[in-house]
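Data block below; observations after.
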Amino acid sequence: MWTLQLKSIILSCLVVLPSICHANDNSQADIIDKISSQKDYSDEQVYRIYSDNTTELLRDIILPIVKESQYDIWLRNSKYVDIQLHKEDMVKIVDFQQGILDYEVFVEDINEKIEQTMPSENENENNNDILGNLRLNDNDQIGFSTDDHISEILGDIFFNEYRNLNTIEIWLKLLQETFPDFVKLEEIGTTPQGHSLNVVHISAHNYIDNPDKKTIIITGGLHAREWISISTACYTMYELLLNYGKDKKATKYLDSLDFIFVPVFNPDGYDYSWTTDRLWRKNRQATSIESCPGLDIDRSFGFQWAKSHEFPCSESYNGEVPFEAQEAQYWDIYLREIKKDYKIFGYLDLHSYSEEILYPYGYSCDALPRDIENLLELAFGLAKAIRLTTKKNYDVIAACKDSGSDLTPGIGGGTALDYMYHNRARWALQLKLRDSGNHGFLLPSKYIKPVGRETYASLMYFCGFILNPEI
Ligand SMILES: [Zn+2]
């Protein structure tokens with residue numbers, strides 16, 4: 001049903017930029033086929049099980065009853081585990097515990113929640129009015145009757161819903177066409193399934209001459225199912241561009257800083273989450289087991305790398321050697337070679353869910369970050385900027401506590417956050433976006449704009465922090 005509205009977006013592209021849209025090989029029939037083949041989760045639920053020791057909970061209570069390949073941990077912290085498993089397995093666990101298990105149903109109907117993240121039909125009506133006002137100019141380039149229509153197509157309409165990979169790629173090209181003096185798309189590699197790994201370098205006043213400017217990097221979508229991280233990366237970059245010349249702060253920050261966005265760090269996984277399995281997490285790279293492709297990109301980076309799992313079918317499997325995930329490898333080469341002269345001052349890695357701001361390190365609580373007072377000031381500053389924008393309270397915590405490596409040393413090794421903080425970025429944080437309610441990864445699309453707004457506010461704070469001469 002959401003195909004109608006997708007058609008509108010693609011139609012808008014067909015109207016305004018034919019050369020780009022020819023790259024779109026998804027016919028409407030293909031899209032319908034793909035959507036109807038989404039994995040069915042009607043036999044499963046997500047449960048929140050409370051425990052003072054989640055390591056023991058998993059080892060002594062869950063694992064004796066359910067094989068690891070039969071459950072999926074959505075979130076784990078020092079108080080509870082959100083775990084997706086078969087309803088019958090949960091009955092067995094509750095019986096095994098003779099009624100003393102402290103738990104609640106976190107997601108009752110997974111399929112229904114998945115549906116709520118997909119584009120809806122009625123958006124199409126509004127789009128047609130707007131599309132009617134689009135026009136081509138004499139050179140067959142994008143033309144809009146007023147400036148307002150640029151923001152309607154690129155902004156208001158685009159952010160009404162989550163967008164699939166193909167639509168995001170088209171949108172990025174439109175963004176480059178619309179802001180040619182600021183936006184430079186760079187393809188840094190081709191994924192195992194042949195998608196482009198795209199980086200968006202945003203720079204005012206000629207990006208080639210700017211390596212001396214301090215640079216902030218924002219990445220989204222390392223984990224495929226965390227769709228809000230992708231929409232939010234797109235939203236913040238769009239706001240930044242839109243506000244240049246209109247808002248004093250945004251203008252100053254874009255004049256003084258460069259920005260590198262990677263909105264979809266895991267294109268293969270993201271595409272798969274739209275076509276086949278909404279809850280897919282890893283990339284789609286081949287492993288030693290043919291029926292179990294996929295590596296956890298976040299745990300593939302080469303700082304304090306540790307093998308996370310023996311079994312390739314595990315959701316946390318990160319390969320046999322550091323940088324085995326091609327996306328992580330491309331990124332490492334890109335930073336070391338193409339951007340070697342750039343001074344990376346800030347790194348924000350967007351994930352979901354839980355409304356938390358994590359500071360390094362993730363691999364161990366014994367490794368203290370440098371300059372901890374200022375790093376915490378930055379993290380709390382981001383949290384305050386969010387609270388002042390949408391009244392949401394994000395917690396600030398050490399990444400090691402979030403990953404559980406304080407309870408089980410060596411549980412997962414280094415992450416993208418650790419790698420960036422250690423190797424390149426003066427300041428680095430991970431933002432775990434909304435929500436804290438019971439949507440988990442399946443945050444409905446009506447939250448795209450509020451989450452975008454609060455994250456943009458936190459990015460503005462980050463920029464001010466970096467430009468503060470006293471830091
Ligand atoms: Zn994640």
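Just so it is clear, the values below take in all heavy atoms, side chains as well, and ignore hydrogens, waters and symmetry mates. Please read all numbers here as calculations on a predicted model, not as lab measurements. Whatever order the structure lists them in is the order used to number ligands and atoms, beginning at 1.
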query: So how far is it from Leu431 CG to Arg434 CZ, rounded to the nearest 0.5 Å?
result: 11.5 Å
task: For atom NZ of Lys384, decide whether the heavy atoms of other residues, nucleotides or ligands shown that lie under 6.0 angstrom number more than 12.
output: no
- request: Please list, in chain and residue-number order, the protein N/O/S atoms closer than 2.8 Å to the Zn ion (ligand 1).
  value: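 Correct list: His223 ND1, Glu226 OE1, Glu226 OE2, His351 ND1.
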Sequence-distant partners of Arg426, side chain to side chain contact (heavy atoms under 4.5 Å, CB included), two or more places apart: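 Expected list: Phe345, Arg370, Asp371.
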task: Could you tell me whether Glu320 and Lys307 make a salt bridge, using a distance below 4.0 angstrom between a side-chain N and a carboxylate O?
output: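 Looking at Glu320 and Lys307, the cut-off is met.
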Pi-cation contact, Trp227 with Arg278 (under 6.0 Å, within 45°):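 Because its charged atom sits under 6.0 Å from the ring centre and within 45° of the axis, Arg278 does stack over Trp227.
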- request: Please confirm whether Arg284 makes a cation-pi placement over Trp280, using NZ or CZ under 6.0 Å from the six-membered ring centre and within 45° of the ring normal.
  value: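 Yes, Arg284 and Trp280 form such a contact.
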